[in-house]
Structures are given as structure tokens and as C-alpha cells.
Amino acid sequence: MQKQATPIDPVGAADRSRQRYTILLPGIPVSSTRGALGWSTVALIETGGLRILFDTGSYGDRSLLIERLQALSLDPQALDAVFISHLHYDHCQNIDLFADIPLFVSERELRYVLDGEYREHRDPYVPAATILSLKDRFQTVLDGSELFPDVRVVALPGHTPGQAGLFLSREKILMAGDGVKNAWEFANRMAPPAFFSQSAALSNYDWVMANATEIVPGHDRPFRLQADGTPAYLTAAAEVTLNFFPGPGLEPKAVRLS
């Protein structure tokens, strides 16, 4: 039986003025005719003396994630917690890298997998074998819980029933996961693919507009909401190069996305 999470008590919690995040792996807003590429945002939140990893990316991101942590002189076991926005492969497939540290997910999302509900919704992106093998490690959280200093769990159902984000209340920053997948969908009020409820996914946008000033999407770079509600990016686009090898005797082709 999964443990209900209790807030982590950090060392040096008196200093709560420092609260920020670092993008370790930028989300890339791209799709393909071959299927989901799964390049999701992975971020490191620092608050009250704690380091919390938000999502872990997919297997394809594994070596790069380790490199990015090493560049910050961080061993995976040196983190204080991992928070998973939802249990799709591109957001949770590397959780086994982070042994012996708290692993948080919403109670509703874990039931979605353990009860087999994802099959009823024909959701092809749940790595059930991984989740089942590590099910006893999860600590479940509920909407509205202040899990870390000034960091609150926010339910953003729709894409999956238990999709959740973290709201950095001091700065009104929302780590959205796929509650907000990218700025284009948000600006055009188009819901991400919804395996649970498209109307719920759209209603999340209303909450975001009313509460957040800065959004870190699941598959895009961070943006701020301007006075008229339109997104304004905060960073330059991440550059990804696709190398295509068309065949013997032909030159490889490089396709740059940015």
C-alpha cells in the first residue's frame, strides 16, 4: 500500500527567500508522423534548502540528464525528492536513477495505473512495467498540499486523470507538466491530447490565467503571461539537431529545430 506523503522538513527552513528553478532538459514542442518523440521538460526546483527534481524524462534523455546533473556537481542521490507530474514514459521513465529518495506522484495518477484504468482510456504512453516494479516507492499527494516550503501541489487533470503540477507560490510560477503542454496550444486554447477529459484539460487554462504569472510547460520553454494574457517566452528556443542517414553513397542530412 502506498504511503500518503507528508511535507519534507528541510534543514535551514528559516531561509525561504531563495526559491528558483533550473531547466535541466528543455521541453521541445515537436511531433512526428512516427509517434511521440517525448522530449519533455525536466527541471530542478530549489526552495528552503531543498532540491526537488520535477519529472525525469524518458530513456532517450537518460545520459543527458546525468550529464546535466553532473555539470551542477549533483549526484542523483543528492537530491531531496522527485515529483512526477504524470505517469507517461516521457516524464517518469528515469525514476529508477533516484533510489532511496522520496518519489511523489498524485494519488489519483497512481490509481490510474495500478487499477488498470489507463487501459480503459487506451492510453499507450504508460510504462506499466516500470511503475509496477517501483510501486512501493511512491508517496502519494493530494491537490492543494504544501509539499515543500511555498510549493503547493495543483491538480491539472485532463491529459490524464491525475496529472498534477507544482505551484511556486512566492513567485506564482507553475511547473505545469502536460497540464500546459506548450505555448501554442495554450494561446489557442487547444487542449493537449486528453486520455481522461478534454473539457477538464481546457478548464485548467482558466486556473492558470487566474493564478500564475510564469509557466513552465511540459514540452516547451518557460513563458510569462502578459497583461492581455498572451504568452511571452523567457528564454531562447532550445536547439535540437536531427541527423538523418538516407543511405550508402548519400550525404547525411542535419535538420535543426529551434
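Position 1 is the first residue of the sequence; numbering continues from there.
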Hey, is [X] close enough to [Y] for a salt bridge, meaning N to O under 4.0 Å?
X: R189; Y: D206; answer: yes
X: D150; Y: R170; answer: yes
X: R152; Y: E146; answer: no

What is the distance from atom [atom1] of [X] to atom [atom2] of [Y], rounded to the nearest 0.5 Å?
X: T41; Y: K181; atom1: OG1; atom2: NZ; value: 11.5 Å
X: F104; Y: I101; atom1: CZ; atom2: CD1; value: 9.5 Å
X: F196; Y: T160; atom1: CZ; atom2: OG1; value: 9.0 Å
X: D55; Y: L65; atom1: CG; atom2: CG; value: 11.0 Å
X: I45; Y: L166; atom1: CD1; atom2: CG; value: 5.0 Å
X: L114; Y: F138; atom1: CG; atom2: CZ; value: 8.0 Å

For the backbone of [Y] and the side chain of [X], can you confirm whether one donor and one acceptor N or O come within less than 3.5 Å of each other?
X: S85; Y: G177; result: no
X: Y205; Y: M190; result: yes
X: T47; Y: P149; result: yes
X: S145; Y: V141; result: no
X: Q163; Y: A176; result: yes
X: D228; Y: T230; result: yes
X: N211; Y: W207; result: yes
X: S106; Y: G162; result: yes
X: R137; Y: D96; result: no
X: N204; Y: L156; result: yes

> Can you check side chain to side chain contact (heavy atoms under 4.5 Å, CB included) on F54 and V151, steps first, answer last?
Replying inline: CA-CA 12 Å; F54 185 89; V151 179; over 6 Å; no
Considering non-hydrogen atoms only, spot the tightest contact between [X] and [Y] and give its length.
X: A254; Y: N243; answer: CB-OD1, 3.9 Å
X: V153; Y: L147; answer: CG2-CB, 4.3 Å
X: Q77; Y: L97; answer: NE2-O, 2.7 Å
X: I23; Y: A43; answer: CD1-CB, 4.1 Å
X: F186; Y: M209; answer: CZ-SD, 3.7 Å
X: S58; Y: G38; answer: OG-O, 4.0 Å

> Has R221 got its NZ or CZ under 6.0 Å from the middle of the six-membered ring of Y233, at an angle within 45 degrees of the ring axis?
Replying inline: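 Cation-pi check for R221 and Y233: passes.
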State plainly whether one hydrophobic cluster holds both [X] and [Y], where clusters connect Ile, Leu, Val, Met, Phe, Trp and Tyr through side-chain heavy atoms under 4.5 angstrom apart.
X: Y89; Y: Y59; result: no
X: L250; Y: V255; result: no
X: L225; Y: L234; result: no
X: I95; Y: L110; result: yes
X: V30; Y: W184; result: no

Are side-chain heavy atoms of [X] and [Y] found at a separation under 4.5 Å?
X: F83; Y: T56; answer: no
X: R108; Y: P157; answer: no
X: H86; Y: Y112; answer: no
X: K172; Y: L168; answer: no

> Of all residues at least two apart in sequence or in a different chain, which pass the ring pair (Phe, Tyr, Trp, His ring centres under 6.0 Å) check with Y125?
Replying inline: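 In terms of ring pair (Phe, Tyr, Trp, His ring centres under 6.0 Å), with neighbours along the sequence ignored, Y125 is linked to H88, F195.
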>> Let's go through L25 and W39 carefully: what are the C-alpha distance in whole Å and the side-chain angles of both, what is the deciding distance for side chain to side chain contact (heavy atoms under 4.5 Å, CB included) to 0.1 Å, and is it a yes or a no?
In response: CA-CA 8 Å; L25 298 177; W39 293 329; over 6 Å; no
>> Please list all pairs meeting salt bridge (charged side-chain N to carboxylate O under 4.0 Å, His left out) that have one or both residues in residues 241-258, counting only residues at least two apart or in different chains.
In response: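 As it turns out, there is no salt bridge (charged side-chain N to carboxylate O under 4.0 Å, His left out) pair with a partner in residues 241-258 once direct neighbours are skipped.
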Does a donor on one side chain and an acceptor on the other come within less than 3.5 Å for [X] and [Y]?
X: H219; Y: D90; result: yes
X: T130; Y: Q93; result: yes
X: E214; Y: Y21; result: yes

> Given the rule in the side chain to side chain contact (heavy atoms under 4.5 Å, CB included) test, do R62 and L64 qualify, once you have shown the distances and angles that lead to the verdict?
Replying inline: CA-CA 5 Å; R62 180 170 289 220; L64 186 55; over 6 Å; no
> Of V105, L87, V82, which is the lone residue that meets side-chain contact (heavy atoms from CB on, under 4.5 Å) with C92?
Replying inline: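 Exactly one option meets the side-chain contact (heavy atoms from CB on, under 4.5 Å) with C92, and it is L87.
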> Would L69 and D75 count as a side chain to side chain contact (heavy atoms under 4.5 Å, CB included) if you check the C-alpha gap in whole Å, the side-chain angles of each, and the deciding distance to 0.1 Å?
Replying inline: CA-CA 7 Å; L69 288 169; D75 183 272; over 6 Å; no
